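Take a look at the structure below.
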Amino acid sequence: MQLPREVIIGNGSLQLVGDVCRELGFFENALIITGTTTKHVAAEKVAKLLDDEGLEVNCHIASSGTPTSIDVKRAEGVIEKLKPQVVFGVGGGTKIDIAKLSSAHKKIPFISVPTSASHDGMASPFASIKGLDRPYSIKAQSPMAVVADTEVIINVPYRFIASGCADVVAKFTSTRDWKLAHEKEGEYYAQYTASLALMSAQHIVENADLFKPGSEEGLRVLLEALVSCGVAMCIGGTSKPCSGSEHLFSHALDLVAPNQALHGEQCGLGAIMMAKLHDMEWETIRDTLKKVGAPVTAREVGILQEHIVEALLKAPQIRPERYTILNEKRLTRKTAYELAKTTGVID
Ligand SMILES: [Zn+2]
């Protein structure tokens with residue numbers, strides 16, 4: 001089990017990156033992997049603080065947009081050349097993932113400094129990279145520390161925060177799928193790990209009123225939930241507690257209708273429909289998503305109705321070894337359409 005040793009969430013927590021380095025015994029040199037925008041938002045500040053701490057600091061700008069295996073290779077080249085003691089990923093999900101995977105390949109510790117909260121990757125050991133042979137996340141390494149500054153993250157458009165909430169709410173179905181795989185296929189299942197992920201989802205439901213633009217209190221709740229999900233994956237050593245049929249649907253949607261909606265938004269839509277398949281209270285999931293401002297219909301995110309049906313049909317083939325409710329209830333074009341329609345995802 002690889003777990004983060006330091007998790008700091010709060011207003012102004014960025015100021016503590018120097019202390020974190022000292023605490024963890026990094027005194028010599030650090031590499032910051034960031035993007036063009038996030039460089040100004042946070043990475044320059046991190047660089048200055050580490051420099052004040054006496055570390056030699058270098059910055060690598062990973063290309064913007066979808067992270068590809070080429071970006072990871074490039075980052076690995078920089079790590080090889082500079083031989084840092086620690087790699088910082090400062091940015092949204094993509095920069096974090098490039099930093100996480102490249103540092104893992106080069107066996108260098110990694111510290112996560114998220115500037116967004118749109119999904120649960122900030123504390124997880126998994127990375128989503130395009131250009132690999134699989135459209136889903138792969139194992140990289142757990143961050144040694146997570147420093148999430150609410151003062152920084154509050155400035156991203158609220159849509160990203162709502163998307164983060166939706167990725168957590170999706171744990172209602174992912175944990176149920178995992179349990180199902182255990183019951184039907186005898187798969188390894190860890191009750192504690194599943195509870196941790198489920199509790200995070202429950203946390204979002206209970207605090208749904210707190211999530212609104214500019215609410216730092218809500219953001220803090222979300223960050224705690226996202227870190228808990230990440231830790232659940234660290235403990236389980238698998239993404240299963242946090243990624244079930246609703247994630248398969250989202251991955252399928254990435255192929256059918258690329259770059260339309262955010263990952264969390266797609267998982268939220270998936271969770272509504274998969275909950276219905278599981279005979280769970282799917283309305284609670286939909287109402288919570290609505291309350292936090294996440295989309296509950298394809299229309300809201302500009303996804304064509306037929307693409308929703310297409311993704312539902314494609315989902316079970318994305319990761320055939322991952323047993324979910326989609327293996328139990330084989331959807332046909334007709335039943336997929338009905339599922340999307342009765343849950344209001346399409347009209
Ligand atoms: Zn996710």
Side-chain angles (χ1 to χ4, degrees), residues 66 92-94 116-121 128 153-154 156-174 200-205 207-215 218-219 221-222 225-226 229 242-278 280-315 318 336-347:
T66 324
T94 61
S116 175
S118 61
H119 64 78
D120 64 15
S128 289
I153 303 171
I154 199 88
V156 301
Y158 181 73
R159 181 184 178 188
F160 291 87
I161 291 173
S163 167
C165 290
D167 199 20
V168 179
V169 168
K171 301 338 174 202
F172 279 115
T173 47
S174 59
S200 307
Q202 204 64 54
H203 206 49
I204 300 293
V205 174
N207 292 285
D209 292 330
L210 291 180
F211 303 103
K212 43 180 122 12
S215 163
L219 177 57
V221 169
L222 171 62
L226 290 171
C229 292
C242 296
S243 169
S245 50
E246 75 299 319
H247 270 69
L248 295 179
F249 165 75
S250 170
H251 298 321
L253 209 45
D254 285 337
L255 300 175
V256 175
N259 307 320
Q260 282 293 316
L262 299 171
H263 166 82
E265 295 175 333
Q266 298 182 168
C267 292
L269 293 181
I272 297 173
M273 295 185 283
M274 300 310 154
K276 173 91 169 62
L277 280 185
H278 272 291
M280 296 164 72
E281 284 176 32
W282 62 271
E283 293 93 342
T284 310
I285 293 178
R286 180 201 54 196
D287 295 347
T288 303
L289 292 171
K290 234 183 204 170
K291 225 180 204 175
V292 305
V296 295
T297 65
R299 202 173 282 279
E300 283 170 276
V301 279
I303 294 176
L304 295 174
Q305 318 239 9
E306 55 261 40
H307 285 163
I308 296 286
V309 175
E310 212 53 61
L312 281 171
L313 293 173
K314 211 181 177 65
I318 294 288
Y337 174 81
E338 281 163 7
L339 175 65
K341 183 125 175 123
T342 45
T343 49
V345 171
I346 64 174
D347 51 43

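Note that the structure is predicted; figures quoted are calculated from it, not measured. Throughout, residue positions are numbered sequentially from 1 according to the sequence presented.
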Completion exercise
Residues passing the side chain to side chain donor-acceptor pair (under 3.5 Å) test with S243, sequence neighbours excluded, are none
Problem - Partners passing side chain to side chain donor-acceptor pair (under 3.5 Å) against T342 (at least two apart in sequence or in another chain) - result: none
Handout entry: For the student: nearest non-hydrogen atoms of P295 and L269, plus distance
Key =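 Nearest heavy atoms, P295 then L269: O-CD2, 3.6 Å.
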State whether the side chain of [X] and the backbone N or O of [Y] hold a donor-acceptor pair below 3.5 Å, judged by distance alone.
{"X": "E246", "Y": "S174", "result": "yes"}
{"X": "Y158", "Y": "F211", "result": "yes"}
{"X": "S163", "Y": "R159", "result": "no"}
{"X": "K171", "Y": "C242", "result": "yes"}
{"X": "S215", "Y": "L210", "result": "yes"}

Given side chains that start at C-beta, do those of [X] and [Y] come closer than 4.5 Å, heavy atoms only?
{"X": "I308", "Y": "M273", "result": "yes"}
{"X": "L222", "Y": "I153", "result": "no"}
{"X": "M274", "Y": "W282", "result": "no"}
{"X": "V168", "Y": "D120", "result": "no"}
{"X": "V205", "Y": "F172", "result": "yes"}

Which atom pairs, donor and acceptor, lie under 3.5 Å between side-chain atoms of residues 253-262 and protein residues at least two apart or in another chain?
from: D254; atom 1: OD1; to: Q266; atom 2: NE2; distance (Å): 3.1

Handout entry: Neighbour count >12 (heavy atoms, 6.0 Å) for atom NZ, K314
Key =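 No, not enclosed.
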Completion exercise
Across all chains, not counting sequence neighbours, the ring pair (Phe, Tyr, Trp, His ring centres under 6.0 Å) partners of H263 are H119, H247
Exercise for the section: Could you pull out all residues at least two apart from A336 that satisfy side-chain contact (heavy atoms from CB on, under 4.5 Å)? Expected result: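 Applying side-chain contact (heavy atoms from CB on, under 4.5 Å) to A336 gives V309, L312, L313, L331.
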Practice task
Scan for salt bridge (Lys or Arg N to Asp or Glu O under 4.0 Å) pairs involving residues 280-290, sequence neighbours excluded, and state none if there are none.
Solution key: none
